[in-house]
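Below you'll find the structure, written out as structure tokens, and then a few comments.
As the structure is a computational prediction, the values presented were derived from the model and not from experiment.
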Amino acid sequence: MKADIVFINGEVITVNQKNEVAEALAINGDRILAVGTNQEIKVFIGEETNVIDLQGKSLLPGFIDSHIHLILYGVNQLAVSCKAEHIKSVEDLLIDLKKKASTIPKGEWIRAWGFNETAVKEKRYPTIAELDAISTDHPIIVNRTCSHISVVNSRALEIARIDENSENPTGGIIEKDGAGRLTGKLIETANMIMADRASYSESELLKAVKIASGHFIEAGITSIHEAGAHGPDSFRLMQQAIKNKDIRVRIYAMVGSLNNSHEFVNKMVDSGVITGTGDERFKIGPAKLFTDGSSTGPTIATREPYTSDPGYSGILYYKEAEIYQVLGQAHKRGFQITVHAQGDRAIEMYLNCVEKALKESPRKDHRHRIEHAGISSPDLQKRMKELGVIPIPNPPFPYEFGDIYIEHYGNRVNHMYAARDFIDNGILAAAGSDAPVTDHDPILGIHVAVNRISRSGTKIGATQSISVLEAIKLYTWNGAFASFDEDVKGSLEAGKLADLVVLNDSILKVDSENIKDLKVESTILNGEILYHRETMVEI
């Protein structure tokens with residue numbers, strides 16, 4: 001059998017059980033045909049074979065982002081970006097919002113994303129008065145980078161029917177000043193309710209997911225674990241876009257939503273489907289609930305008060321019994337289950353639920369997960385190991401938010417996104433970016449997992465640093481295992497799906513502090529080159 005594509009003279013990082021590095025690889029159709037030396041693979045070259053000389057560059061399995069929000073990332077590309085380089089102050093943001101208001105019809109939403117009050121000159125949020133000065137004809141929403149907090153104008157509050165008499169929803173805060181007046185700031189579930197009101201049209205959403213899929217492919221991401229957006233509508237939209245090939249990445253879709261996630265989970269459990277339903281392009285993933293808040297908000301639920309505020313320990317969405325009522329039933333019905341849990345208090349509550357579920361309905365290969373697993377203290381890691389729970393840490397978080405973590409959590413940063421501890425303790429973990437919360441680039445995630453350094457140059461929990469090969473495994477084979485797909489993807493082995501990524505240099509030979517500067521040169525999905533730079537050498 002001759003190959004359709006052959007790569008030679010490369011650093012072929014297989015991520016197989018022996019962690020072998022080969023020279024060459026052959027693809028036939030949508031599958032890997034063979035991996036080995038140049039001599040071994042050249043026998044598969046025929047007249048029609050596309051032969052690519054890697055010239056020593058790295059060839060890896062396609063990256064798997066095990067926690068990312070495709071829909072949210074996509075719609076943000078249609079909004080004002082607070083992360084744009086020119087936005088260095090609240091005033092800069094207000095100028096961009098005013099420009100946006102002048103270009104759209106009255107009544108349409110003005111949306112901004114990625115705001116970080118610690119990164120602007122004023123070190124504060126925009127005020128409701130400043131947003132009202134831009135427009136009271138347009139509803140305006142400015143989402144914080146964590147997507148758990150927003151600031152809105154008066155028109156948005158009117159649309160959401162929030163006034164000074166409105167009570168805080170469970171797990172959220174409608175902020176008011178000392179005189180009881182609305183400030184426009186909405187925290188956790190209050191923000192999620194507003195996000196529903198500020199939803200996009202179906203045509204906008206279809207445009208957004210196509211953009212997101214393209215960006216992910218360019219970053220070498222071939223599979224994602226979609227972490228949730230707007231419930232059943234999101235599922236329908238993604239399946240429609242996949243059918244039309246507007247979404248090309250493979251999706252393992254968590255059954256969860258940003259608002260009232262328990263309602264969506266209960267509906268899906270009652271429908272009779274279970275985790276794994278679907279095919280290689282779209283599959284049902286774990287049932288998911290939110291349990292606490294944002295690590296940078298900061299609103300995560302901790303067992304001990306924050307270092308920055310001795311009177312505060314974060315926000316919980318549900319009581320432990322409520323979590324178990326939903327996820328215990330999902331487990332019993334055959335679902336993989338998971339939660340958004342950042343703080344050690346939230347993690348502990350969820351582990352209690354997993355332990356109870358497994359006692360009442362034993363299941364050998366459940367692969368239950370914890371999304372983020374932010375502050376994973378040693379006692380919690382021990383329980384994860386005993387229960388067979390898969391944590392999904394976010395390697396790039398310390399780069400953008402590490403200095404904030406030190407301020408709010410002090411020495412607890414030494415067990416945040418604890419990759420080294422997970423590996424040493426025999427806990428299988430997979431990596432997710434949580435984009436659009438931070439950068440979706442897996443190369444940046446690998447860089448930070450290896451170096452554990454913030455953008456400012458501060459070491460953040462340096463004892464959690466791991467090797468390059470270990471970091472690559474978090475973004476490949478481990479991600480496949482977390483979705484029950486290790487037999488078909490996650491490593492470069494004969495018979496597996498031909499999902500691959502080529503870098504512009506050797507990731508094993510470049511200095512560790514320069515890993516983040518590597519670029520994706522080519523992305524192959526299902527045996528098809530979907531993205532490549534002009535520097536590739538074809539023979």
Side-chain angles (χ1 to χ4, degrees), residues 72 75-84 86-169 171-201 204-205 208 229-230 258-259 293-294 296-297 299 436-437:
L72 296 183
V75 295
N76 281 351
Q77 309 313 304
L78 308 179
V80 173
S81 172
C82 301
K83 295 191 178 187
H86 70 276
I87 294 184
K88 301 184 184 303
S89 66
V90 171
E91 184 60 33
D92 292 334
L93 172 60
L94 297 176
I95 290 171
D96 275 21
L97 293 175
K98 191 171 184 179
K99 288 178 181 176
K100 187 72 173 179
S102 68
T103 65
I104 61 175
K106 291 182 178 180
E108 291 191 6
W109 280 87
I110 300 171
R111 306 175 182 90
W113 70 280
F115 182 77
N116 185 346
E117 76 284 0
T118 70
V120 292
K121 181 177 68 176
E122 299 89 344
K123 305 297 181 187
R124 65 170 176 83
Y125 289 86
T127 67
I128 190 171
E130 288 171 330
L131 298 183
D132 283 347
I134 291 170
S135 178
T136 54
D137 294 318
H138 300 86
I140 303 174
I141 181 168
V142 177
N143 267 302
R144 194 179 182 278
T145 186
C146 60
S147 296
H148 286 245
I149 299 171
S150 62
V151 179
V152 301
N153 70 344
S154 297
R155 180 64 187 131
L157 292 170
E158 289 172 10
I159 291 172
R161 297 182 180 178
I162 295 174
D163 59 28
E164 293 177 355
N165 297 315
S166 298
E167 296 183 359
N168 290 331
I173 298 172
I174 300 169
E175 188 180 79
K176 299 171 186 175
D177 65 18
R181 294 169 299 202
L182 296 171
T183 67
K185 187 177 180 182
L186 304 171
I187 301 171
E188 295 301 337
T189 54
N191 168 67
M192 304 307 183
I193 292 168
M194 182 60 73
D196 275 353
R197 298 291 190 274
S199 59
Y200 287 79
S201 68
E204 289 174 317
L205 289 171
H230 303 297
L258 299 181
N259 189 29
S294 156
T296 65
T299 49
V437 173

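- Within the model, atoms CG of N168 and CD1 of I187 stand 8.5 Å from one another, a figure rounded to the nearest 0.5 Å.
- Within the model, atoms CD1 of I140 and CG of L131 stand 5.5 Å from one another, a figure rounded to the nearest 0.5 Å.
- Looking at R181 and D177, a side-chain N of the basic residue comes within less than 4.0 Å of a carboxylate O on the acidic one, giving a salt bridge.
- You'll find the side chain of W113 reaches within 4.5 Å of the side chain of S81, heavy atoms only.
- Under a 3.5 Å cut-off, the side chain of N153 and the backbone N or O of H138 do form a donor-acceptor pair.
- Within the 3.5 Å criterion, the main-chain N or O of T118 finds a donor-acceptor partner in the side chain of K123.
- For the side chain to side chain donor-acceptor pair (under 3.5 Å) criterion with T296, the lone passing option out of E117, H148, R144 is R144.
- A heavy-atom distance below 4.5 Å is found between the side chains of E122 and E91.
- You'll find the side chain of P169 reaches within 4.5 Å of the side chain of I193, heavy atoms only.
- The two atoms that bring I87 and D96 nearest to each other are CD1-OD2, 3.7 Å, heavy atoms only.
- Counting only heavy atoms from C-beta outward, the side chains of L205 and V75 approach each other to under 4.5 Å.
- In this structure the side chain of I128 reaches within 4.5 angstrom of the side chain of L157, judged on heavy atoms.
- Side-chain contact, S89 with D92: a donor N or O sits under 3.5 Å from an acceptor N or O.
- Using a 4.5 Å heavy-atom threshold, the side chains of E167 and I174 count as separate.
- Between the E175 side chain and the K185 main chain, no donor and acceptor come within less than 3.5 Å of each other.
- Not counting sequence neighbours, R111 has no partner by the side chain to side chain donor-acceptor pair (under 3.5 Å) test.
- Under the 3.5 Å distance criterion, the side-chain polar atoms of R197 are left unmatched by any main-chain donor or acceptor of R161.
- When all heavy atoms of L93 and A112 are compared, the pair lying nearest together is CD1-CB, 4.3 Å.
- V151 and P126 make their closest contact through CG1-O, 3.3 Å (heavy atoms, listed as atom of the first residue, atom of the second, distance).
- Using modelled atom types, one finds no donor on one side chain facing an acceptor on the other under 3.5 Å when comparing N116 with T145.
- Scanning for ring-ring contact (aromatic ring centres under 6.0 Å, His included) contacts around Y125 gives F115, with sequence neighbours left out.
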List the atom pairs, donor and acceptor, that lie under 3.5 Å between side-chain atoms in residues 98-109 and the rest of the protein, sequence neighbours left out.
unit_1 : atom_1 : unit_2 : atom_2 : d
S102   : OG     : K99    : O      : 2.6
T103   : OG1    : K100   : O      : 2.8

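- Two residues are said to be in side-chain contact when any heavy atoms from C-beta on lie closer than 4.5 Å; I110 and V142 fail this criterion.
- Between S154 and D132, the closest heavy-atom pair is OG-OD2, 2.6 Å.
- Closest non-hydrogen pair, T183 versus K176, comes out as CG2-C, 3.9 Å.
- Using modelled atom types, one finds a donor on one side chain and an acceptor on the other under 3.5 Å when comparing S150 with N191.
- Note on R124 versus E130: salt bridge recorded, some NZ/NE/NH1/NH2 to OD/OE distance being below 4.0 Å.
- Distance alone, capped at 3.5 Å, places no donor-acceptor pair between the S294 side chain and the T299 backbone.
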